[in-house]
Amino acid sequence: MKRPAIAGILETAVYVDDMDAAHAFYSEVLGLKRMVAGERLYAYDAGPAQVLLVFHRGHTGEDVETSGGTVPGHDTNGHSHFAFKIASDEMRAWRRYLQETGTPIISEVTWPAGGRSLYFNDPDGNVLELASAPLWPNFLA
């Protein structure tokens, strides 16, 4: 049997303890538009057909019944990680912007392929990355 193709990653998620602090960070510092606001999750537009889900830690472990079916429970402990793709020529501007907003850069990496990454934390300590091409063989500029 031939394996069907995967078209990409539709959603990625982080879990936070303080939803208000998370919203202030993701909307005001990073400029993401919130599309959904609920007690257990916020959903942000992270680019064309891409969604960042911010879940309220400890409030998503149980299954949720919807009119369309059951959403299985999920939760995590500890810090998670994800990366936003940025243009190479925006790296310096992002570095300055993060410094101006009081968001400490915890690490900078230059990858063997030539791409660069800036790492920083959200208010809950999740590790976020701004990455420019090329990092991976399939990372298109």
Side-chain angles (χ1 to χ4, degrees), residues 1-99 101-141:
M1 176 179 205
K2 184 177 176 185
R3 179 178 36 246
I6 291 176
I9 294 177
L10 175 67
E11 302 170 339
T12 196
V14 292
Y15 293 80
V16 303
D17 294 312
D18 187 332
M19 296 292 280
D20 291 334
H23 178 62
F25 181 79
Y26 287 104
S27 66
E28 295 170 23
V29 175
L30 296 185
L32 300 181
K33 180 183 176 190
R34 185 168 62 184
M35 301 180 297
V36 173
E39 287 184 28
R40 56 189 298 274
L41 78 95
Y42 294 158
Y44 294 89
D45 180 345
Q50 300 168 61
V51 177
L52 171 64
L53 299 174
V54 176
F55 287 108
H56 195 180
R57 185 178 285 119
H59 293 86
T60 59
E62 301 295 322
D63 292 354
V64 173
E65 297 297 330
T66 72
S67 60
T70 302
V71 177
H74 48 81
D75 203 358
T76 188
N77 291 313
H79 307 304
S80 59
H81 163 73
F82 66 92
F84 291 104
K85 179 180 176 181
I86 63 169
S88 296
D89 61 358
E90 292 291 325
M91 186 63 68
R92 183 174 291 144
W94 269 107
R95 187 181 300 110
R96 278 194 311 267
Y97 177 77
L98 290 172
Q99 290 168 344
T101 62
T103 306
I105 296 169
I106 56 174
S107 181
E108 293 189 41
V109 175
T110 300
W111 298 103
R116 296 189 49 83
S117 293
L118 294 176
Y119 291 91
F120 55 100
N121 297 112
D122 75 1
D124 274 87
N126 292 301
V127 178
L128 281 57
E129 177 182 1
L130 296 170
S132 65
L135 264 65
W136 304 101
N138 64 346
F139 196 112
L140 304 175

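Across every non-hydrogen atom of Ser132 and Met91, the tightest pair is OG-CE, 3.7 Å. Scanning both residues, Met35 and Asp45, for their nearest heavy atoms gives CE-N, 3.7 Å. Smallest separation of non-hydrogen atoms from Tyr42 and Ala37: CD2-CA, 3.6 Å. When every heavy atom of Arg40 is checked against every heavy atom of Glu62, the shortest pair comes out as NH2-O, 4.5 Å. Taking both residues in full, the closest heavy atoms of Ala131 and Ser117 are given as CB-OG, 3.8 Å, listed atom of the first, atom of the second, then distance. Taking all atoms of both residues into account, the shortest heavy-atom contact from Leu135 to Ala113 is O-CB, 4.3 Å.
A distance of 10.5 Å separates OH in Tyr15 from CG in Asn77, rounded to the nearest 0.5 Å. Note: Phe84 CZ to Glu129 CD = 11.0 Å, rounded to the nearest 0.5 Å.
Judged as a side-chain contact (heavy atoms from CB on, under 4.5 Å), and not counting sequence neighbours, the contacts of Glu90 are Ala87, Ala93, Trp94. With sequence neighbours excluded, the residues forming a side-chain hydrogen bond (donor to acceptor under 3.5 Å, both in side chains) with Thr101 are Thr103, listed by chain and number. For Arg57, the side-chain hydrogen bond (donor to acceptor under 3.5 Å, both in side chains) partners two or more places apart in sequence, or in a different chain, are Asp17.
Here the two rings, on Phe55 and His74, have centers that are under 6.0 Å apart.
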Next item on the list: Decide side-chain contact (heavy atoms from CB on, under 4.5 Å) for Leu30 and Phe25; before the verdict, give the C-alpha distance in whole Å, the side-chain angles of both, and the deciding distance to 0.1 Å.
Entry: CA-CA 7 Å; Leu30 296 185; Phe25 181 79; 3.8 Å; yes
Next item on the list: Test Leu52 against Phe82 for side-chain contact (heavy atoms from CB on, under 4.5 Å), laying out the working first.
Entry: CA-CA 10 Å; Leu52 171 64; Phe82 66 92; 3.7 Å; yes
Next item on the list: Verify side-chain contact (heavy atoms from CB on, under 4.5 Å) between Leu41 and His56, making sure each step is shown before the conclusion.
Entry: CA-CA 6 Å; Leu41 78 95; His56 195 180; over 6 Å; no
Next item on the list: Apply side-chain contact (heavy atoms from CB on, under 4.5 Å) to Thr12 and Leu53, showing your working.
Entry: CA-CA 6 Å; Thr12 196; Leu53 299 174; over 6 Å; no
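Leu130 places a side-chain heavy atom less than 4.5 Å from the side chain of Phe120. Under the 4.5 Å side-chain criterion, counting only non-hydrogen atoms from C-beta, Asp122 is not in contact with Val54. A heavy-atom distance below 4.5 Å is found between the side chains of Leu118 and Arg95. The side-chain heavy atoms of Val71 and Asp63, taken from C-beta on, include no pair separated by under 4.5 Å. Contact of the Ser27 side chain with the Leu32 side chain is not registered, since no non-hydrogen atoms from C-beta on lie closer than 4.5 Å.
Between the side chain of Thr70 and the backbone N or O of Pro72 there is no donor-acceptor pair closer than 3.5 Å. Asp75 places no side-chain N or O within donor-acceptor distance of the main-chain N or O of Thr60, the cut-off being under 3.5 Å. Distance alone, capped at 3.5 Å, is enough to place a donor-acceptor pair between the His81 side chain and the Val127 backbone.
Around the CD atom of Gln99, the shell of radius 6.0 Å holds more than 12 heavy atoms that belong to other residues, nucleotides or ligands. The number of heavy-atom neighbours closer than 6.0 Å to CD of Glu39, taken from other residues, nucleotides and ligands shown, is 12 or below.
For the residue pair Ser80/Asn126, the side-chain donor-acceptor check at 3.5 Å is satisfied.
Ring planes of Tyr26 and Tyr44: tilted class, angle from 30 to 60°.
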